Amino acid sequence: MRNFIISLSAVVFGLIGGAILMAVTGHDPMEGYRFLFQGGLKNISRFGDTLATGTPLIFTGLSVAFAFRTGLFNIGAAGQMLFGGFCASIIGLKLDASGAVLIPLMIIAAILGGAVWAFIPGLLKARFNVHEVVSTIMMNWIAYWTIYYAVPAYLKAESVETESRALPDKATLKAAWLSDMFGGSYVNMGLFLAVIVVIIIAFIINKTTLGYELKAVGFNRHSAEYAGIGVNRSIILSMLISGALAGLAGLAQYAGNGNNIQIGVLATQGYDGIAVALLGANSPIGVLVSALFFGLLYSGRGFMNAMTDIPPEIADSIIAIIIYFAATSVLMNRVITWFLGRRRANAGSAVSGKGKV
Amino acid sequence: MEFVVEMLNIRKEFPGVVANDDITLQLRKGEIHALLGENGAGKSTLMSILFGMYQPDRGTIKVRGEQVKIANPNVANKLGIGMVHQHFKLVSNFTVTENIILGNELKRGLALNIKGAARRIEELSKRYGLNVDPYAKIEDISVGMQQRVEILKMLYRDAEVLILDEPSAVLTPQEIDELIKIMKGLVAEGKSVIVITHKLKEIKAAADRCTVIRRGKTIGTVDVATTSELQMAEMMVGRSVTFKVEKKPSQPGDVILKLEGLTVNNNKNVPGLKDFNLEVRAGEIVGIAGVEGNGQSELVEAITGLRKSEAGRIILNGQEITSHSIRNRINNGVAHIPEDRQKRGLVLDYTLEENMILQVYKREPFSKRGILNKGAIRKYASGILESFDVRSGRGPVSVSRSLSGGNQQKAIIGREIELDPSLLIAVQPTRGLDVGSIEYIHKRLIGHRDRGKAVLLISLELDEVINVSDRIAVVNNGELIGIVNAAETNENEIGLMMAGVGKGGDQ
Ligand SMILES: Nc1ncnc2c1ncn2[C@@H]1O[C@H](COP(=O)(O)OP(=O)(O)O)[C@@H](O)[C@H]1O
Ligand SMILES: [Mg+2]
């Protein structure tokens with residue numbers, strides 16, 4: 001509840017900040033926001049696009065949030081995503097099978113690819129106490145260069161040197177019926193996969209002994225060790241799961257929303273996952289909602305840009321302000337505590353003697 | 001008689017707890033006034049109110065006869081009230097001077113006048129016998145000196161009323177003597193002191209008057225000179241207490257724990273425990289006496305598996321466990337009340353109920369095929385909390401961090417005893433607790449023994465080791481100096497052995 005208020009006020013502050021920016025640059029904020037939200041919600045097809053834009057963010061947000069809940073700061077989602085997507089693409093391009101066989105195999109490949117990429121920082125942390133922030137960033141660049149050479153060498157498109165061959169439709173998450181239902185939007189099965197994974201992760205975190213162990217290690221590795229929980233094993237396992245989630249983001253991005261991999265690009269969704277996790281207060285449901293909200297901002301941004309002369313950077317600034325307020329949630333927490341305390345004190349003196357508030 | 005501070009009929013409620021309920025405390029000018037109460041009685045809350053950190057729900061505060069409203073610590077400072085908190089609030093990589101002037105900087109133009117401040121600090125330090133180097137860094141000085149820095153901080157702000165929240169909890173016996181001298185020096189210079197403690201000896205040695213509170217209510221204010229320690233203890237816990245530990249002679253049974261030639265390295269990677277031999281039998285409490293840092297931690301960590309042993313064998317119930325995993329040892333009947341309850345004993349951000357299953361969450365009924373059973377966990381945790389009288393705001397769903405230290409400790413002890421271990425290792429189980437809780441914990445340890453289990457007690461308090469144990473093993477410099485029967489020894493003999501003077505090894 002309190003987290004919800006914090007996130008909501010971060011959003012409100014972000015929107016107010018954006019409005020001020022629009023106003024001082026000589027634009028009409030109301031008009032700007034009208035087009036921003038229309039761009040994401042105006043009709044069923046735009047709404048579908050918003051959902052699709054949010055889908056990879058659900059996975060990367062979950063990846064960061066899961067690591068965070070277990071005491072790790074995974075900022076390597078971009079690299080894990082890229083490598084996971086690459087592994088899935090190999091299956092999709094090289095294996096000649098029906099969609100019913102290909103898709104599950106690609107899901108597994110994406111999971112394994114992302115997990116492998118996160119395993120290395122996990123191992124380094126567990127064995128040598130190398131901080132995961134450093135090693136996951138390094139792994140991002142290793143993924144970047146690996147793809148840079150591997151895609152032209154093995155998955156090259158016929159004419160273009162800088163991207164992989166397009167996946168056949170059967171080897172993507174696209175579903176014609178879904179697309180039709182949303183008026184031709186590029187929303188795809190990735191969304192359903194994301195919702196299922198959100199539920200699974202929420203279940204793991206809250207209801208299982210595994211989640212209990214991983215959170216204990218995240219909060220206090222000394223007491224976890226004291227209780228006989230394998231601390232190193234838990235760290236590696238957390239990173240594996242976090243990486244697997246980012247790998248699925250790669251599947252959703254490169255074989256769902258898109259159908260190929262471009263070289264020389266680390267997907268922005270990797271870093272945006274941090275913002276999504278922050279705004280979602282690291283809870284799976286929170287991540288789902290905040291990812292879709294970011295999806296809305298990103299997909300509305302283009303429309304706002306097309307319909308007005310408000311620069312798209314304003315939308316980025318709004319996101320930045322929101323992140324800022326979500327990140328300073330400790331401060332927000334204080335403000336809320338103070339505010340509630342005052343209200344309670346007032347209420348208390350009004351009904352004094354009525355017992356507990 | 002003139003009162004500098006009067007707190008009258010103070011009430012303060014936190015969600016779910018009435019921390020202060022109609023408390024009255026009147027401080028005379030120039031006295032040392034002790035505030036005595038069990039853990040969680042509401043002492044820190046009361047003093048935080050006086051220091052302006054909380055606002056009372058009801059009641060009035062008068063300073064020098066005038067009613068005041070202390071909205072925040074700045075107002076308290078202006079009124080001449082200073083406070084040293086239970087946990088110091090110093091910046092560790094700043095110097096003493098920088099810490100003291102923080103928020104109260106003496107400026108010459110725009111620049112900080114550090115030299116001038118340091119000079120004044122030096123003067124104050126001399127005048128009150130504090131012996132603090134203004135240029136030393138906080139991280140380099142002892143806890144005792146850090147505390148004196150906190151006291152200086154108050155004096156630097158011209159405090160007339162000084163509040164010390166459990167100042168002796170973190171000090172060695174010598175440092176405590178020094179602190180008492182310092183407090184007496186302060187009142188000699190006309191200051192007034194309120195000191196929170198539950199060590200009755202210190203109250204006797206230092207205080208003029210003592211106000212006792214229990215569960216948020218004032219029980220009374222007494223003259224220390226004419227009141228015995230026992231009387232004060234009884235006021236505090238609300239029933240008669242005995243300082244002697246009641247117990248029947250032990251009836252040792254089978255050997256539960258056997259250490260053979262155990263050698264364990266310390267953090268510097270040299271042997272901290274050397275060729276150590278010991279037996280602990282069912283139905284007896286073996287105490288380990290020794291000055292801090294003479295191999296006790298290495299001993300405990302080797303038995304529990306937190307540290308690997310270099311040589312020798314650890315045998316539990318006839319089975320060698322020298323290289324078993326921690327969890328394996330727990331499952332085979334080793335339980336451990338750790339020395340540092342916040343670092344090891346609890347996951348402070350977990351709720352109490354989550355902490356109560358820290359070792360057993362994988363067992364039925366707490367989980368089945370990897371899925372937690374919240375109902376069973378709640379029931380189990382509530383049982384422990386109730387039977388060990390753990391007081392908290394919201395019962396099993398309280399976040400452990402929000403509990404007072406004593407209640408955290410009781411929760412840990414409850415959890416470990418509930419495991420019904422064949423070997424219970426208790427390290428400093430009563431550190432920082434009040435007499436009522438100490439008495440209770442000793443009873444539970446002895447009760448565990450009487451159920452035919454083995455207890456290994458490690459404590460730095462000689463009283464405790466002698467009163468609770470059946471046999472005492474004395475360590476010095478990582479070596480076993482000798483073993484004596486608790487009933488046939490005294491502090492002198494043990495003190496000598498602790499200093500390394502051997503006793504013919506009657507094992
Ligand atoms: N900030 C707080 N919020 C909620 N409960 C609190 C808070 N501070 C103290 N309490 C509760 O109030 C009671 C009194 O605490 P405290 O004044 O710290 O006791 P003492 O200092 O005598 O050990 C305890 O039950 C404690 O859990
Ligand atoms: Mg206290």
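Values reported hereafter were calculated over all heavy atoms of this structure, with side chains retained and with hydrogens, waters and symmetry mates removed. In this text, all values refer to a predicted model and were calculated from it rather than measured experimentally. In what follows, chains are A, B, ... by sequence order, proteins preceding strands, each numbered from 1.
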Next on the checklist: Need one label for B:Leu346: side chain, backbone, both or neither, based on atoms under 4.5 Å from any heavy atom in chain A.
Outcome noted: backbone
Checklist entry - Atom CG in B:Asn373, atom OG1 in A:Thr209: separation rounded to 0.5 Å? => result 12.5 Å
Next on the checklist: Between A:Tyr226 (side chain only) and B:Lys343 (backbone N and O only), is there a donor and an acceptor less than 3.5 Å apart?
Outcome noted: no
Item to check | Part of A:Ile229 lying under 4.5 Å from any heavy atom of chain B | outcome: both
Item to check | Structural part of B:Arg11 lying under 4.5 Å from a heavy atom of chain A | outcome: neither
Checklist entry - Out of B:Ile371, B:Leu358, B:Val360, which one racks up the most heavy-atom pairs below 4.5 Å with chain A? => result B:Leu358
Next on the checklist: As an exercise, state the distance from CD of B:Glu354 to CZ of A:Phe219, rounded to the nearest 0.5 Å.
Outcome noted: 8.0 Å
Next on the checklist: Quick check on B:Ile330 against chain A: is it the side chain, the backbone, both or neither that has a heavy atom closer than 4.5 Å?
Outcome noted: side chain
Checklist outcome for this item: Highest number of heavy-atom pairs under 4.5 Å with chain A among B:Asn355, B:Asp57, B:Leu348, B:Ile357 belongs to B:Ile357
Checklist entry - When you look at CZ of B:Arg327, are more than 12 heavy atoms from neighbouring residues, nucleotides or ligands closer to it than 6.0 Å? => result yes
Checklist entry - For B:Gln55, is it the side chain, the backbone, both, or neither that has a heavy atom closer than 4.5 Å to a heavy atom of chain A? => result neither
Item to check | Minimal non-hydrogen separation, B:Lys374 against A:Asn206, with atom names | outcome: NZ-O, 3.0 Å
Next on the checklist: Check this for me: A:Arg127, atom CZ, are more than 12 non-hydrogen atoms of other residues, nucleotides or ligands nearer than 6.0 Å?
Outcome noted: no
Checklist entry - Top residue by heavy-atom pair count (under 4.5 Å) with chain A, among B:Glu301, B:Arg415, B:Gln342? => result B:Arg415
Checklist entry - Based on non-hydrogen pairs under 4.5 Å, which of A:Gly211, A:Gly230, A:Ala216 is most in contact with chain B? => result A:Ala216
Item to check | A:Tyr212 and B:Tyr361 aromatic ring geometry - parallel, tilted or perpendicular at 30°/60° bounds | outcome: tilted
